[in-house]
Amino acid sequence: MDRMHEFRLSRPDSLDEAVALLARDPLARPLAGGTDLVPNLRRGIGAPSVLVDLSGVPGLDAIEAGADGSIAIGAGVTLARVVRDDAIARALPALQQAAASVAGPSHRTAATLGGNLCLDTRCVFYNQSEWWRRANDFCLKHGGDTCHVAPQGTRCHAAYSGDTAAALIALAAEAEVAGPQGSRRVPLERMFVDDGAKHLALGRGEILLRVHVPPQPAGSRNAYRKARPRGAIDFPLAGAAARVALDDGGAIASLRVALTGTNSHPLLLDGTAECVGRPVDEAMLGGLAKRVQKQAKPMRSTVTSSNWRRTVAAVLVRRVVAELAFAPG
Amino acid sequence: MPKRILDVTINGTRREDAVADSTLLLDYLREQLGLTGTKRGCDGGECGACTVLIDGEPALACITLAARCEGRRVETIESLARSGRMSALQAAFHEKLGTQCGFCTPGMIMASEALLRRDPHPDEAAIRAALGGNICRCTGYVKIIESVQAAAEARE
């Protein structure tokens with residue numbers, strides 16, 4: 001890897017100061033665990049003048065379980081803590097499974113939930129060394145004017161690859177974001193847009209503070225499943241999270257499904273309301289898989305074919321919904 | 001070049017050193033302190049050869065900024081031997097042939113050290129999970145896992 005360019009590391013001890021630093025300088029970048037940002041900087045992707053280390057901002061490292069069953073998780077909580085937190089393990093296994101499947105154990109001690117949610121999009125033409133990208137005239141996402149995945153198009157097709165986003169979207173979480181104009185809360189899926197070159201719907205100076213996970217519906221179950229090249233450590237080729245509740249007759253009472261690794265943003269699957277009232281059988285699961293095939297839009301941004309990833313996304317959704325519906329207990 | 005004085009404890013000794021804001025922990029350890037036991041492998045956070053302990057938790061020195069270790073405890077492979085005698089974990093890697101070319105070994109041992117402190121009696125699945133981010137390109141992982149198991153028994 002290349003040596004890093006020079007930058008200033010600033011560690012503000014208040015939220016206002018962090019927001020001001022990021023708002024003032026268009027080249028400033030927020031730094032959480034750094035497990036993705038630092039390798040990217042070493043590959044010459046971006047040259048921020050200032051890295052704003054968010055670890056000194058008070059309150060970002062808290063996990064707060066409310067009396068009503070809600071859980072608020074600070075953006076600075078490490079993935080290792082998410083994995084071993086009892087309240088999360090009990091109520092939000094999808095989040096625990098997703099966090100446990102991010103990278104390796106030595107990354108998760110530094111990597112944060114906020115960092116994984118805001119994870120840069122990935123592409124086989126982008127996550128490469130400076131000389132590799134230069135030999136290819138760079139790409140639309142950084143330094144070039146052509147997307148090598150879809151040269152005729154006008155947008156970047158790098159894939160969103162954060163695991164925890166799919167889990168949290170299936171769990172109906174909201175993102176709390178602070179910026180120069182104060183703070184706001186949005187459904188997590190609305191913090192993203194389907195554009196590989198600018199996938200975060202955050203303004204200049206805006207920081208993700210925490211996610212609020214509401215109480216989960218009584219009797220509902222949730223889980224996350226992921227396909228990746230190596231089981232021990234890898235980004236998702238496709239990831240699927242689901243939250244399923246059944247009525248007394250065994251039919252679907254409510255269903256939320258979210259995908260990651262397939263599009264340039266994590267997406268909440270559209271049309272799951274049509275499954276409500278139906279038994280979990282081949283017809284229902286087949287219809288659900290068809291919806292996934294239609295809405296997942298993987299492009300050739302990894303070394304596997306896009307059709308394979310689309311098929312796998314559908315299989316993962318079928319599998320996780322069936323597992324949750326038929327799990328004992 | 002923005003620089004600062006870094007106050008950090010390395011292998012039990014507190015020290016102050018001037019580092020650039022952009023200095024990586026790996027470069028600080030190897031180039032400034034001469035602690036070359038921590039290896040530069042993939043140099044991009046993918047192979048685990050540079051695993052060290054920060055406040056007792058395994059971390060990758062090649063993607064950690066040295067300046068972020070302010071006030072923290074960093075332990076490297078050099079901290080394990082006492083008066084020239086290998087630790088039980090190091091001896092187990094030696095006895096059980098858990099090391100071949102040896103390049104991945106410091107990272108393997110530091111990741112295992114973190115595991116054994118947290119869980120003195122890990123089963124095979126726990127060992128495999130703890131070493132999931134450490135890659136060996138010589139041999140396989142069976143001997144490495146046996147070494148950690150032997151070390152766990154020797155520590156009893």
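The sequence lines fix the lettering, A, B, ..., with proteins before strands; numbering per chain opens at 1.
Neither the backbone nor the side chain of B/Asp55 comes within contact range of chain A, judged by heavy atoms closer than 4.5 Å. Heavy atoms of B/Arg4 lying under 4.5 Å from chain A belong exclusively to its side chain. Using a 4.5 Å cut-off between heavy atoms, B/Ala114 makes no contact with chain A at all. The contact between B/Ile135 and chain A is made entirely by side chain atoms (from C-beta outward), counting heavy-atom distances below 4.5 Å. For A/Leu51, the part lying under 4.5 angstrom from a heavy atom of chain B is the side chain only. In this structure, no portion of B/Ile54 lies under 4.5 Å from any heavy atom of chain A.
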Take A/Ser106 and B/Met110 through the test side-chain contact (heavy atoms from CB on, under 4.5 Å) and record every step on the way to the result. CA-CA 10 Å; A/Ser106 316; B/Met110 295 315 284; over 6 Å; no
side-chain contact (heavy atoms from CB on, under 4.5 Å) evaluation trace for B/Leu65 with A/Asp53: CA-CA 11 Å; B/Leu65 296 176; A/Asp53 179 348; over 6 Å; no
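Contact tally against chain A (heavy-atom pairs below 4.5 Å) for B/Leu115, B/Thr64, B/Asp27: the top residue is B/Asp27. When each of B/Lys3, B/Arg68, B/Glu70 is scored by its heavy-atom pairs under 4.5 Å with chain A, the top score falls to B/Arg68. For the set A/His5, A/Arg8, A/Arg230, the count of heavy-atom pairs under 4.5 angstrom toward chain B peaks at A/Arg8.
Expressed to the nearest 0.5 Å, how far CG of B/Asp21 lies from CZ of A/Arg11 amounts to 13.0 Å.
Residues B/Ile63 and A/Pro39 share a closest heavy-atom pair of CG2-CG, 3.6 Å. Closest approach of B/Gly133 to A/Pro105, counting heavy atoms only: N-CD, 4.0 Å.
Around atom CZ of A/Arg228, more than 12 heavy atoms belonging to other residues, nucleotides or ligands sit under 6.0 Å away.
Taking the side chain as every heavy atom from C-beta outward, A/Arg42 and B/Cys62 approach each other to under 4.5 Å. In this structure, B/Pro2 and A/Leu9 have side chains that are not in contact, with every pair of non-hydrogen atoms separated by 4.5 Å or more.
A/Thr109 contributes a side-chain N or O that, together with a main-chain N or O of B/Pro58, makes up a donor-acceptor pair within less than 3.5 Å.
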